[in-house]
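Numbering of residues begins at 1 and proceeds along the displayed sequence. Counting starts at 1 for both ligands and their atoms, following the listed order. Keep in mind that this is a model prediction, so the values were computed, not measured. Any value given below was found using the heavy atoms of this structure, including those in side chains, with hydrogens, waters and symmetry copies removed.
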Amino acid sequence: MKIGVFDSGVGGLSVANAIRQALPNDEVILREDRKHVPYGTRKPAEIFKFVVPIFQELIDSGCQVIVVACNTVTTTLITDLRQKFNVPLIAIEPMVKPAAELSKTHIIAVCATLTTLASPRYAQLKQDYAGSTTVIEPDCSDWAAMIEEERINREAIKRMVEQVLVAGADVIVLACTHYHWIEAEINRLAKGRAVILQPEQATITQLKRELARLG
Ligand code: DGL
C-alpha cells in the first residue's frame with residue numbers, strides 16, 4: 001500500500017520514520033512544504049491553499065491514505081480537507097485526552113504552535129477532555145522554526161520544562177510534530193517528574209486499522 005505523509009517540514013520525517021519502521025512492507029511517500037514552513041504563525045485559509053495541491057499530488061501518485069502529520073493543519077482544516085478529498089486522512093492532533101487521563105496532579109502542559117493553540121478544535125478538545133484539568137500552554141512559538149533551521153536552543157527548552165514542572169505539570173504533550181526531534185532532550189530534563197506524550201505510536205495503530213479496512 002502507498003501511504004502519504006504530510007507536514008510543513010521536518011516533523012513529517014519523524015512521523016514517516018516511525019511508520020516506515022512499523023510497516024516496512026508498505027511504501028511511505030513524504031511531502032513537506034519547505035517553501036512555506038513554519039505554518040504555526042499563519043492563518044488557516046492561507047495554509048489551506050498551500051496544502052490542497054500537495055494532497056492532490058500525493059493522491060495522484062497513488063497514495064490510498066494520507067497521514068496528516070501536522071497538528072496545525074489538523075486542528076484548523078481537517079474537516080475541510082476531508083470534504084475535499086476522497087481518501088482517508090489520518091489526523092494527528094494534540095493528545096489532551098490521554099494526558100488528562102494520565103495526570104495525577106491534574107495539571108498538564110501542551111506544547112504547540114500559536115495557530116494550533118488558537119484553533120476551535122483544540123478548544124473543543126480541552127472542553128471535552130480537560131474539564132477539571134489545568135492546561136498550561138508554554139510559549140513555544142519559535143520552536144518549529146528553531147528545529148527546522150537546526151538552531152536548537154537548549155536553554156530555552158530547559159526554561160520551558162522547568163516552568164511547567166514548577167507549575168505542577170506531570171504530563172507534557174508534544175502537540176507539534178517538529179518537537180518530536182527534541183523529545184529526548186525534554187525527556188532527559190523532565191525525567192522522573194513528568195511523562196512526555198507524542199502521537200506516533202497511536203497514529204500507527206490508527207493507520208494499521210485503516211490499512212486493514214482498505215484491504
Ligand atoms: N509540525 C507542525 C505541527 O505539528 C507545524 C509546525 C509549523 O510549521 O509551524 O503543528
A.B. asks: Would V87 and I92 show up in the same hydrophobic cluster when neighbours are defined by side-chain heavy atoms closer than 4.5 Å?
C.D. replies: no

A.B. asks: Parallel under 30°, tilted from 30 to 60°, perpendicular over 60°: which one fits the rings of F6 and Y39?
C.D. replies: tilted

A.B. asks: Judged by modelled atom types alone, do D60 and Q56 share a side-chain donor-acceptor pair under 3.5 Å?
C.D. replies: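 Yes.
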
A.B. asks: Between S103 and D170, do the side chains contain an N or O donor and an N or O acceptor separated by less than 3.5 Å?
C.D. replies: yes

A.B. asks: Using a threshold of 4.0 angstrom between heavy atoms of the protein and any atom of ligand 1, which residues qualify?
C.D. replies: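 Within the 4.0 Å shell of ligand 1, which is judged on heavy atoms, sit D7, S8, V37, P38, Y39, G40, C70, N71, T72, T113, A144, C176, T177, H178.
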
A.B. asks: Using a distance-only test with no angle check, is there a side-chain donor-acceptor pair under 3.5 angstrom linking T113 and T116?
C.D. replies: yes

A.B. asks: Is E185 paired with R188 through a side-chain N to carboxylate O contact shorter than 4.0 Å?
C.D. replies: yes

